[in-house]
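Following: one structure in C-alpha cells, then a few remarks.
Just so it is clear: chains get the letters A, B, ... in the order the sequence lines come, proteins before strands, and each one is counted from 1. All of these numbers come straight from a predicted model, not from anything done at the bench.
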Amino acid sequence: MREANIFERHMRRGTLFKPRREALYPDYLPDYLPHRESEIDKLAEILVTALRDEKPSNILIYGKTGTGKTAVVRYVEREMKRAREVYDSSVEMLYLNCETVDTPYSILQNIGNYFIENWNEKIPFTGWPLDKVFSVTQEKIDIWGGILIIVLDEVDKLVTKSGDDILYQLLLLDSEMKNANLSVIGISNELKFTDLLDPRVRSRLTQEKLIFTPYNAYQLEDILQERAKIAVKDGVVGEDVISVCAAIAAQEHGDARRAIELLRISVEIAEREGSEKVEIRHVYQAKNKIEMDCVSEAIKTLPLHSKILLLALALNEEAGRNYLTTGEIYEIYRNLCKRIGMTHLTQRRISDLISEMDMLGLINASVKSFGRYGRTKVVELALPYIEVKKIVLQDELLEELGNVKLQSQRKLFF
DNA sequence: TGTCCACTGGAAGGGAGGGCTT
DNA sequence: AAGCCCTCCCTTCCAGTGGACA
C-alpha cells in the first residue's frame with residue numbers, strides 16, 4: 001500500500017522521547033545541577049556582594065571539559081537575574097564565549113553594544129580604532145553605573161591566541177570608571193594557562209579560584225537520571241543503561257557532556273530500530289558511533305596534504321605491509337601528488353605533518369634507528385585502513401585516487 | 001672505534017592573507 | 001584606501017643523532 005507521505009512510516013513508529021528532549025542537548029540548563037551544590041554556593045558567596053552594589057572579586061574557574069563549569073556559571077547567572085529584582089540592585093552578567101569572541105576588539109565591542117540600545121549607535125564589527133571602542137564602551141557602562149560581571153568562557157583560548165592584552169584592558173576599564181564597576185569570571189580547561197599571563201594581570205584576575213573536579217560514575221548516574229526523567233519517556237531507559245553510560249563516561253575523565261550525549265544517541269539508535277526500550281547494546285553502538293564520528297570529523301578537517309599522507313599509509317596497509325618510514329611515505333606521497341597534478345611539499349614539512357597527525361592520534365609515529373641504514377620515523381595508521389581510505393576519498397580533490405593500488409614499496413599501480 | 005646513513009628537528013625567513021589603524 | 005602588523009603555512013639550511021657495520 002502506498003503511503004500518504006514520506007514521513008508516515010516514521011511517524012507511525014512513534015518516539016521514545018518526551019517533548020522536552022532538549023534536556024539531552026549540551027546547551028540545556030536544568031533547574032537542578034546534581035553534585036555541584038557546593039560550587040554554586042561558593043560562587044554565590046563571592047558574587048553576593050554585587051547584589052549589595054559592591055564590586056565582587058575576580059574569579060578564575062578551572063576544570064576539565066564536562067565538569068559543569070559553564071552550567072554552574074549560567075545557573076548562577078539565571079539566579080542572579082531573579083535575585084536582583086528582589087533586592088533591587090543594578091547588576092548585569094554578560095556571558096562571552098572566547099571561542100567565537102576572540103579578539104580584544106570583539107570583546108570590547110560586545111560589552112559596549114550590550115549597553116547601546118539604539119541600532120544606529122552600535123559599535124561596528126570592524127573599522128574603529130581600538131581606543132575608540134574602549135572609550136565608548138567605558139562611557140556607556142559608566143553612564144549605566146552598575147556592577148558588570150563579564151564571564152569569559154574558554155578564556156585560555158583567548159590568551160593563547162591574542163595574549164593577555166584584553167584581560168589587562170578589562171582591568172584598566174574597571175579602574176578608569178567612576179560610577180560603574182567591572183568584575184571578570186574566567187573559565188578555563190587549562191590549569192597552566194595563567195603561566196602565560198603577566199604577573200600583575202594574573203594576581204588581579206585570580207583573586208578567587210574555583211576548581212571543578214571530574215564527576216565519578218555515581219555522580220554521572222545521578223545527572224543522567226535527572227536528564228532522562230525530563231527528556232525520555234518513562235520505562236524506556238533502565239538503570240542498567242544509565243550505569244553503563246556513566247561508567248563509560250567516567251573512564252573518559254568524568255565528562256558529563258559525553259555521558260549525556262552517549263545517552264541521547266543510545267535512545268536515538270533504539271528509536272530508529274523500533275525498539276521500545278534502550279538496551280545495553282544500543283549504548284555500545286552509540287559509543288562506536290560517537291568515536292567514529294569524532295575520528296571521521298578529525299580526518300575531514302585535515303589539510304589536503306595530510307589526507308594524502310593518510311592515503312599513502314592506507315594504501316601501504318592495503319598492500320599488506322604495516323609500517324612505513326618517512327622517506328617511503330614521502331615517495332608515495334609525491335607520486336600521489338603527481339597523479340592529481342598537485343605540487344608537493346618538502347620532506348621537512350611532511351615530517352611536521354606526520355608529527356601533527358601523531359599528536360591527533362590518527363597515526364602512530366616513533367623515531368627508530370636502523371643503524372648503518374639511518375635514523376627515521378616509523379609510521380603506521382592508528383585506525384583501520386579501510387575506514388581511513390573511505391573518509392579520505394570523500395574529498396573531491398582526491399576522488400580520482402580511488403582506484404590506485406600500491407605495486408611495490410614506492411611504485412603506484414593504477 | 002670511527003664512519004656513515006637517513007633522517008630529525010631547530011632556526012630563520014618568505015609570502016599570502018586577514019585584521020587593525022590611520 | 002593604504003600601510004602596518006600578525007599569524008599561518010611553508011621552504012631552506014644545517015647541526016645533531018642512534019646504532020649497524022667495517
Side-chain angles (χ1 to χ4, degrees), chain A residues 96-113 122-139 154-170 172-173 193 196-198 298-310 312-313 316 321-338 340-360 362-380 395 397-398 408-411:
Chain A
L96 298 173
N97 190 322
C98 301
E99 182 131 53
T100 44
V101 188
D102 59 355
T103 61
Y105 187 99
S106 63
I107 286 181
L108 287 172
Q109 183 229 5
N110 266 276
I111 299 172
N113 281 344
K122 294 257 183 200
I123 304 168
F125 287 114
T126 177
W128 282 16
L130 198 58
D131 54 352
K132 187 177 171 189
V133 182
F134 183 90
S135 59
V136 168
T137 299
Q138 182 197 333
E139 186 195 327
E154 312 205 35
V155 64
D156 45 329
K157 294 211 175 115
L158 178 71
V159 173
T160 41
K161 204 176 163 197
S162 336
D164 61 0
D165 250 26
I166 178 60
L167 298 176
Y168 180 75
Q169 301 238 23
L170 288 177
L172 187 71
L173 193 64
F193 100 98
L196 301 172
L197 299 178
D198 182 285
I299 295 178
K300 278 184 200 158
T301 52
L302 239 34
L304 188 66
H305 291 276
S306 301
K307 287 184 187 167
I308 301 175
L309 289 173
L310 280 182
L313 283 158
N316 178 62
R321 284 178 295 271
N322 49 2
Y323 72 83
L324 286 174
T325 64
T326 302
E328 289 162 350
I329 299 177
Y330 190 60
E331 273 302 303
I332 302 172
Y333 157 83
R334 273 190 16 190
N335 281 321
L336 289 172
C337 284
K338 205 194 277 175
I340 55 171
M342 239 177 100
T343 43
H344 58 81
L345 304 178
T346 56
Q347 188 159 334
R348 177 70 190 83
R349 181 66 190 139
I350 293 309
S351 177
D352 279 343
L353 292 182
I354 289 173
S355 301
E356 280 167 28
M357 290 197 288
D358 185 25
M359 298 251 286
L360 285 173
L362 299 174
I363 59 176
N364 297 318
S366 54
V367 178
K368 192 178 171 197
S369 176
F370 293 95
R372 187 158 180 50
Y373 305 103
R375 184 171 168 263
T376 178
K377 271 202 209 100
V378 163
V379 187
E380 60 180 5
D395 191 306
L397 293 164
L398 302 180
S408 68
Q409 196 83 328
R410 295 173 186 213
K411 291 276 184 301

Exercise. Give a yes or no on whether the backbone of A:E380 and the side-chain of A:N364 come within a donor-acceptor separation of less than 3.5 Å.
Key: no
Quiz prompt | Donor/acceptor link under 3.5 angstrom from A:R375 side chain onto base of C:dG19 | solution = no
Quiz item: Can you tell me how far P of C:dC8 sits from CG of A:D352, to the nearest Å?
Solution: 15 Å
Exercise. Return yes if the base of C:dG19 and the side-chain atoms of A:S369 contain a donor-acceptor N/O pair under 3.5 Å, otherwise no.
Key: no
Quiz item: Checking all strands, does A:K368 fall into the base, sugar-phosphate, or nothing category for heavy-atom contacts under 4.0 angstrom?
Solution: nothing
Practice problem: Starting from C1' on B:dA6, measure out to CG on A:L324 and report it in whole angstrom. | Solution: 15 Å
Exercise. Kindly say whether A:I354 contributes a backbone atom to a donor-acceptor pair with the side chain of A:D358 at under 3.5 angstrom?
Key: no
Exercise. Report which part of the nucleic acid A:T326 touches: base, sugar-phosphate, or nothing (heavy-atom distance under 4.0 Å, all strands).
Key: sugar-phosphate
Quiz prompt | Base of C:dG18 paired with side chain of A:R372 (donor-acceptor, under 3.5 Å) | solution = no
Quiz item: Rounded to whole angstrom units, what separation is found between the NE2 atom of A:H344 and the P atom of C:dT12?
Solution: 10 Å
Quiz item: Of all the choices, C:dC21, B:dA11, B:dC20, which nucleotide is nearest to the side chain of A:Y105 once you look at every atom?
Solution: B:dC20
Quiz item: Rounded to whole angstroms, how far apart are CD1 on A:I123 and P on B:dT21?
Solution: 13 Å
Quiz item: Atom CD1 of A:I350 and atom P of C:dT12: how far apart are they, to the nearest Å?
Solution: 13 Å
Practice problem: Using a cut-off of strictly less than 4.0 Å, decide whether A:R349 has a side-chain nitrogen or oxygen near OP1 or OP2 of C:dT11. | Solution: no
Self-check item: No-hydrogen, no-angle side-chain donor-acceptor test under 3.5 Å, A:K377 and A:S355
Solution: yes
Self-check item: Interatomic distance, A:L353 CG vs B:dC7 P [rounded to whole Å]
Solution: 16 Å
Self-check item: Whether A:Y333 side chain and A:L345 backbone form a donor-acceptor pair below 3.5 Å
Solution: yes
Exercise. Mind calculating the distance between CD1 (A:I308) and P (C:dC10) to the nearest angstrom?
Key: 11 Å
Quiz item: B:dA6 phosphate, OP1 or OP2: any side-chain N/O from A:T376 under 4.0 angstrom?
Solution: no
Practice problem: Could you please name the option among C:dC21, B:dC7, C:dT11 that lies closest to any side-chain atom of A:L345? | Solution: C:dT11
Self-check item: 5'-most by nearest nucleotide on DNA chain C - A:H305 or A:F370
Solution: A:H305
Quiz item: Side-chain contact, heavy-atom cut-off 4.5 Å: A:M357 with A:V379?
Solution: no
Quiz item: What is the distance, rounded to the nearest whole Å, between atom NZ of A:K377 and atom C1' of B:dC5?
Solution: 17 Å
Quiz item: So, is A:K132 near the phosphate of B:dT22, with a side-chain N or O under 4.0 Å from OP1 or OP2?
Solution: no
Exercise. Establish, with yes or no, whether the OP1 or OP2 oxygen of B:dT8 is under 4.0 angstrom from a side-chain nitrogen or oxygen of A:S351.
Key: yes
